[in-house]
Amino acid sequence: MPDLESTTRYDPAEVEPRIVARWLDSGLFHPEPEGTAAENYSIAIPPPNVTGSLHMGHALNNSIQDVLVRHHRMRGHRTKWILGTDHAGIATQTQVERQLRREGTSREEIGRDAFVARTWEWRERYGPTIVDQLKRLGASCDYDDERFTLDEGYVEAVLKVFVSLFEKGLIYRDRYIVNWDPGSRSAISDLEVEEREVADVLYSIRYDVEAGGSVTVATVRPETMLADTGVAVNPADARHRHLVGATAILPLVGRRLPIVADDYVKPDFGTGALKITPGHDPNDFEIGLRHGLDQVSVIGEDGRVTATAPERFADLTVLDAREAVVAALREEGRIAAEEPYAHEVPFSHRSGERIEPLISLQWFMAMDRLAGPAIEAVESGRVRIHPDSQRRRYLQWLAEIRPWCISRQLWWGHRLPVYYCEACEETYVSAQAPERCGACGGEVRRDEDVLDTWFSSALWPFATLGWPRHTPELRAFYPTDVLSTARDILFLWVARMIMMGLEFAGDVPFSDVYVHSIIQAPDGRRMSKSLGTGIDPLEEIDRHGADAVRFGLLAMSSTQDVRYSAEKVEQGQKLANKLWNASRLVLLNVDGRVAPGGRPEALEDRWIVSRLQRAKETTSAHLEAFDFSHAALGLYDFVYGELCDWYLELVKPRLYEGGDQRSELSATLLHVLRETLAMAHPVIPFVTEEIWSFVPGSRGLLAGQRTSPPDEALLDPEADAEVGRAIEAVRAVRGWRDRVGVAAGERVPGRLEAPGYEAMAAQVARLARLDLRTDGGDPVARVVIPAGALAVFAGGGFDPGAAERRRGQRRDQLRADVARSEGKLANRGFVEKAPAAVVDAEREKLARLRAEVEAL
RNA sequence: GGGCGGUUAGCUCAGCUGGUCAGAGCGCCUGCCUUACAAGCAGGAGGUCCCCGGUUCGAGUCCGGGACCGCCCACCA
């Protein structure tokens with residue numbers, strides 16, 4: 001424990017580990033499952049990948065969730081922040097494969113069972129990393145109840161859902177063209193594909209027509225011509241209409257290609273004729289189905305040309321094949337034209353390799369029937385998505401949803417509960433492996449594929465609570481309250497959770513979705529390791545403290561993307577330090593035997609109690625509106641702008657000198673300190689928890705304290721006005737002193753010529769360094785303050801010349817303002833059409849300005 | 001090809017339904033080691049609110065057009 005007296009700087013590095021340990025030991029973060037979800041509060045964490053370590057996005061997202069969780073816990077709700085990690089199929093498998101490669105072996109070499117065992121070991125070793133990092137951030141997750149998407153119970157949930165969807169006819173197996181990722185050697189879903197601009201060449205290739213003549217097609221992938229099975233033209237295209245029904249001859253291969261008419265073909269693009277390659281292009285696949293064209297594949301899962309192609313091209317990579325095909329065509333004089341062509345091309349989001357569309361036998365999930373209720377849930381407001389732009393995005397995507405390819409050719413993940421008979425054609429879909437084939441008694445073999453990781457993630461909010469069993473946890477915490485996430489997984493994850501929740505858990509999984517900002521590098525680029533633009537939140541915590549990082553990230557957050565602001569983090573660090581020192585002032589001087597009290601009589605005490613009330617209200621309102629930046633910055637404004645700059649300065653004499661008022665003052669100071677700590681705790685939990693341990697009479701952890709909700713009745717407009725006026729007066733006099741060159745220590749003789757300062761006159765005098773008198777004769781200067789002026793007498797040690805110059809400047813500005821105001825009021829349109837209140841306000845303003853000119 | 005968002009002080013950003021809204025933090029300048037905090041305190045300078053039109057008594061704030069950034073969605077070879 002630091003010594004309060006001598007520790008003038010708050011030291012997060014010393015404090016934070018102690019506080020984390022106390023929180024974890026307290027059991028405060030682990031609620032017993034009692035009551036119903038309607039009365040309790042819960043958030044399911046977006047499960048980080050087991051491969052992961054805390055990056056800036058995690059730091060922001062978990063700061064957001066923690067501020068909500070702590071706020072509600074302190075409101076007295078039974079609160080659970082569901083914690084766990086995701087097995088992250090491709091990402092994790094890739095890591096372990098890399099490790100094997102370093103050891104000179106491979107997954108194929110060691111076999112599936114050994115590989116899966118290795119991956120579990122890997123998970124045991126690296127899985128705790130990110131959870132420990134969450135603790136450093138101060139995240140108050142339920143660490144006693146950690147889940148993993150491959151836990152036994154979780155597997156049970158996944159299998160049950162798969163079987164159920166299969167039985168409902170929503171999951172089916174199909175030969176279809178899929179996004180093949182040669183990098184991970186697996187199919188991936190549409191959502192895992194990203195478009196990148198690529199500079200290609202658009203080749204025009206002449207195909208002979210059997211009956212004579214030729215047709216020229218345009219393509220950026222000449223190598224796929226080896227798998228052409230047709231040519232298409234637009235039926236309305238006069239240039240090509242005569243070719244429909246004819247047959248073209250595929251160069252280099254000799255295959256006969258039917259020429260068909262299809263509206264898909266754009267007459268004005270390229271040559272107006274399109275080669276059709278159903279095996280290697282999604283559009284051509286559809287066209288091929290429409291016209292009954294053959295499906296030929298010449299590119300294999302390894303991204304190389306297969307033996308189906310002419311021998312001279314076999315086994316070439318796609319790029320080599322392209323060169324070879326172009327060379328061969330050129331030799332035959334069939335390249336009619338080539339031009340540079342920049343266009344968007346699909347790449348794997350996972351491996352970064354160019355997608356190879358392939359026809360493949362995969363498992364799919366039909367989405368439209370599940371999409372309906374998921375759309376309704378958001379349209380009706382049962383699920384609210386913030387900000388609204390993301391809500392619109394969500395609805396648009398669901399309206400055009402397409403089947404989801406859910407099988408992956410990986411080893412790490414939920415293996416499909418599908419079994420095939422070795423002897424006959426029978427297929428079984430069941431959570432329990434059948435012993436033998438029911439039809440022929442033959443051996444059964446399990447499907448090799450695993451499910452897309454997002455299939456299991458979609459069950460997260462209820463599978464973590466024990467579903468399909470009717471557990472107390474499920475009853476107490478499902479549906480959850482808020483889901484906070486980055487927008488890039490709104491479709492991949494959030495939409496699917498809503499569908500699955502409605503279909504299987506009987507309710508929406510959460511009532512609010514908050515889509516947070518993406519934090520960019522300070523220069524506006526994406527934060528990424530490869531660009532070298534990443535900033536490690538853990539290093540920032542080392543440097544500035546977890547409270548500072550949390551405050552900074554919350555203060556940065558917005559409804560749109562933001563640049564990382566080191567200044568905001570420093571602002572948070574200053575706030576923590578300020579609160580520490582303000583607390584020292586209070587705790588080292590207060591009478592600790594006095595009970596805290598929030599109903600004082602002294603004017604400035606009533607003022608701070610009122611301001612505190614206002615701060616509590618606005619902080620709460622901002623948090624409930626998911627406006628985290630204003631919640632954080634509002635806290636800063638209260639602590640600096642009201643508590644420290646004014647209130648503590650106002651009470652110092654009473655505090656030091658003691659006297660009769662000391663016990664009332666102590667009661668107020670303790671009350672205000674406790675309330676301030678509680679209000680700030682969700683945002684900056686460490687420093688507030690640390691200070692709490694020094695507060696006389698504090699029992700237990702601050703994190704477990706129950707705070708009172710804001711109460712309008714505690715506002716004190718009279719005190720607000722009187723003290724507010726005094727503050728303005730002090731500011732005015734200080735500004736004047738500085739401008740006219742009064743030395744900082746000099747006491748200036750003067751007389752208050754304004755009403756409403758009776759209770760605060762001595763305070764104004766002290767803070768503005770005035771010697772107030774009631775007599776004094778003719779003033780040498782007047783300083784305008786609210787409701788009047790301060791008359792200044794000779795002897796104040798200021799420079800009359802400077803004072804006069806300053807007065808001249810001020811007078812000029814005031815006259816301009818008066819003129820503008822007069823002009824406005826002379827405008828009949830304004831006086832007649834503007835609301836009376838606005839006109840009155842303008843008149844008052846004018847009167848004030850005129851009075852000030854007078855005073856000068 | 002569609003859709004969305006942004007452009008306010010040197011920097012990063014606030015500014016709700018049009019009328020003290022021209023602000024904050026950082027930076028800068030000046031003065032203070034005042035017994036909570038010098039990672040502090042007090043004061044100050046600094047902006048044609050991207051451009052052009054329009055609506056209105058009045059426009060960063062609403063409408064139209066334009067410029068420049070950024071993001072999302074999309075199967076034109």
Side-chain angles (χ1 to χ4, degrees), chain A residues 4-5 7-10 177 190 195 200 202-203 217-221 224 232 264-266 268-277 281-287 341 343-344 346 357 387 389-390 392-393 396-397 400 487-488 490-491 518 520 522 524 544 555-556 558-568 570-571 573-574 576-589 629-630 633 636-637 641 644-645 648-649 652 655-656 730-731 734-739 741-745 767-769 817 824 827-835 837-839 841-842 844-845 848:
Chain A
L4 205 54
E5 181 99 36
T7 309
T8 59
R9 291 214 305 234
Y10 172 65
I177 192 151
D190 295 337
E195 304 287 325
D200 270 330
L202 182 63
Y203 295 94
V217 299
T219 181
V220 291
R221 299 201 59 193
T224 65
Y264 171 81
V265 183
K266 304 279 182 290
D268 53 350
F269 188 90
T271 60
L274 179 62
K275 71 189 217 31
I276 304 298
T277 319
D281 183 283
N283 299 314
D284 294 6
F285 181 83
E286 297 291 342
I287 296 169
Y341 187 69
H343 63 148
E344 304 267 296
S389 55
Q390 298 302 321
R392 292 196 299 270
R393 246 185 99 215
Q396 278 163 20
W397 182 74
E400 298 168 6
R487 62 159 181 273
D488 54 351
L490 186 65
F491 308 147
I518 288 177
Q520 300 167 334
H544 303 286
M556 276 173 239
S558 163
T559 55
Q560 61 184 55
D561 292 351
V562 292
R563 298 178 181 206
Y564 185 76
S565 162
E567 289 80 16
K568 287 282 189 295
E570 280 158 25
Q571 194 178 353
Q573 186 175 3
K574 286 183 178 177
N577 189 244
K578 193 70 169 176
L579 205 50
W580 171 254
N581 279 299
S583 302
R584 286 179 60 234
L585 172 68
V586 172
L587 295 170
L588 292 172
N589 292 287
S629 74
H630 284 104
L633 293 169
Y636 180 95
D637 287 342
C644 294
D645 290 352
L648 294 181
E649 294 302 329
K652 272 180 182 175
L655 193 58
Y656 292 141
V730 171
R731 284 211 173 105
R734 282 174 174 169
W736 171 83
R737 288 175 61 114
D738 203 64
R739 283 189 299 271
V742 179
L767 295 175
R769 301 220 174 203
D817 289 347
K824 213 167 175 182
N827 181 340
R828 280 180 54 197
F830 175 69
V831 178
E832 285 166 15
K833 293 188 183 176
V838 174
V839 177
E842 192 62 35
E844 271 177 43
K845 181 177 160 192
R848 203 168 59 239

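Chain letters run A, B, ... following the sequence lines, proteins first and then strands; every chain starts at 1.
- Among residues two or more places apart in sequence or in another chain, the side-chain hydrogen bond (donor to acceptor under 3.5 Å, both in side chains) test is passed with A:Q560 by none.
- Partners of A:Y264 under the side-chain hydrogen bond (donor to acceptor under 3.5 Å, both in side chains) rule, at least two apart in sequence or in another chain, are A:N283.
- Here the side chain of A:D200 pairs no donor or acceptor atom with the backbone of A:H343 at under 3.5 angstrom.
- If you take atom C1' in B:rC33 and the same atom in B:rA42, they sit 14 Å apart, rounded to whole Å.
- In this entry the distance linking OH of A:Y10 with P of B:rA39 reads 18 Å, nearest Å.
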What verdict does the side chain to side chain contact (heavy atoms under 4.5 Å, CB included) test give for A:Q571 and A:L633, after you've listed the backbone C-alpha separation in whole Å, the side-chain angles of each residue and the deciding distance to 0.1 Å?
CA-CA 9 Å; A:Q571 194 178 353; A:L633 293 169; 3.8 Å; yes
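- In plain terms, the two heavy atoms of A:L4 and A:L587 that are nearest each other are CD2-CB, 3.8 Å.
- Taking atom C1' on both B:rU8 and B:rC49, the two are 4 Å apart, rounded to the nearest angstrom.
- If you measure from atom CZ of A:R9 to atom P of B:rC37, you get 12 Å, rounded to the nearest angstrom.
- Among the heavy atoms of the strands, none lies under 4.0 Å from A:E5.
- In this structure, CG of A:L4 is placed 12 Å from P of B:rC37, rounded to the nearest angstrom.
- At the phosphate of B:rU12, OP1 or OP2 sits under 4.0 Å from a side-chain N or O atom of A:R563.
- Judged purely by atom type and a 3.5 angstrom limit, A:R737 uses its side chain to pair as donor or acceptor with the backbone of A:A744.
- Applying the salt bridge (Lys or Arg N to Asp or Glu O under 4.0 Å) test to A:R487 and every residue at least two apart in sequence or in another chain returns A:D561.
- To the nearest whole angstrom, the two C1' atoms, one in B:rG54 and one in B:rA59, are 12 Å apart.
- Taking atom CG of A:N581 as the reference point, atom P of B:rG40 lies 10 Å away to the nearest angstrom.
- Among the atoms of the strands shown, none is found under 4.0 Å from any heavy atom of A:D561.
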So which protein nitrogen or oxygen atoms get under 3.5 Å of nucleotides 72-77 of chain B's nitrogens or oxygens?
unit_1	atom_1	unit_2	atom_2	d
B:rC72	O2'	A:R393	NE	3.3
B:rA74	N6	A:E344	OE1	3.4
B:rC75	OP1	A:R402	NH2	3.4
B:rC75	O2'	A:N283	OD1	3.3
B:rC75	O2'	A:N283	ND2	2.4
B:rC75	N1	A:N283	OD1	2.9
B:rC75	O2	A:N283	OD1	2.3
B:rA77	OP2	A:Y341	OH	2.8
B:rA77	O2'	A:A218	O	2.8
B:rA77	N6	A:K266	O	2.7
B:rA77	N6	A:F269	O	2.8
B:rA77	N1	A:K266	N	3.3

Quick test: give all pairs of protein nitrogen or oxygen and nucleotides 14-18 of chain B nitrogen or oxygen below 3.5 Å, distance rounded to 0.1 Å.
unit_1	atom_1	unit_2	atom_2	d
B:rA14	OP1	A:S558	OG	3.4
B:rA14	O2'	A:H630	NE2	2.8

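- Between A:R392 and the phosphate of B:rC4, there is no side-chain N or O to OP1/OP2 separation shorter than 4.0 Å.
- Remark: A:F491 pairs with A:L191, A:R393, A:W397 by the side chain to side chain contact (heavy atoms under 4.5 Å, CB included) rule, at least two apart or across chains.
- A gap of 6 Å separates the C1' atoms of B:rG18 and B:rU61, to the nearest Å.
- Under the side-chain hydrogen bond (donor to acceptor under 3.5 Å, both in side chains) criterion, A:K568 pairs with no residue at all, not counting sequence neighbours.
- Note: CG (A:D645) to C1' (B:rA24) measures 14 Å, nearest angstrom.
- Proximity of A:R769 to A:V742: side-chain heavy atoms (C-beta onward) are nowhere separated by under 4.5 Å.
- Between A:L633 atom CG and B:rU12 atom P the separation is 17 Å, expressed in whole Å.
- A straight line from CG of A:L579 to P of B:rG40 spans 15 Å, rounded to a whole angstrom.
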Report, as a single string ordered 5' to 3', how protein heavy atoms within less than 4.0 Å touch nucleotides 25-34 of chain B: B base, S sugar-phosphate only, - not at all.
SS--------
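- Distance check on atom P: B:rG40 versus B:rC13 gives 24 Å, rounded to whole Å.
- For the pair A:L767 CG and B:rC41 C1', the computed distance is 12 Å after rounding to whole Å.
- The backbone N or O of A:T7 sits less than 3.5 Å from a side-chain atom of A:R584, completing a donor-acceptor pair.
- In RNA chain B, runs of at least 3 stacked Watson-Crick or G-U pairs (N1-N3 plus N6-O4 or O6-N4, or N1-O2 plus O6-N3, all under 3.5 Å) give these stems: B:1-7 with B:67-73, B:10-13 with B:23-26, B:28-32 with B:40-44, B:50-54 with B:62-66.
- Distance noted for atom P between B:rU48 and B:rG23: 15 Å (whole Å).
- Straight-line distance between the P atoms of B:rC26 and B:rA39: roughly 14 Å, to the nearest whole Å.
- The residue among A:A555 and A:R731 whose nearest nucleotide of RNA chain B lies closer to the 5′ end is A:A555.
- In this structure, the side chains of A:P522 and A:R563 stay at 4.5 Å or more apart for every pair of heavy atoms.
- A gap of 33 Å separates the C1' atoms of B:rC69 and B:rC29, to the nearest Å.
- Among residues two or more places apart in sequence or in another chain, the side chain to side chain contact (heavy atoms under 4.5 Å, CB included) test is passed with A:H544 by A:E540, A:A548, A:V569, A:E570, A:Q573.
- By the side chain to side chain contact (heavy atoms under 4.5 Å, CB included) test, A:V586 is found to be paired with A:V590, A:L648, A:L669, A:L673, residues two or more places apart in sequence or in another chain being considered.
- Proximity of a side-chain donor or acceptor of A:N589 to a complementary backbone N or O of A:L585 within less than 3.5 Å is detected.
- For A:T8, taking side-chain heavy atoms from C-beta onward, the closest of the listed nucleotides B:rC41, B:rA38, B:rG43 is B:rA38.
- With its glycosidic angle more than 90° from 0, B:rG58 adopts the anti conformation.
- Residues meeting the side-chain hydrogen bond (donor to acceptor under 3.5 Å, both in side chains) test with A:K266, sequence neighbours left out: none.
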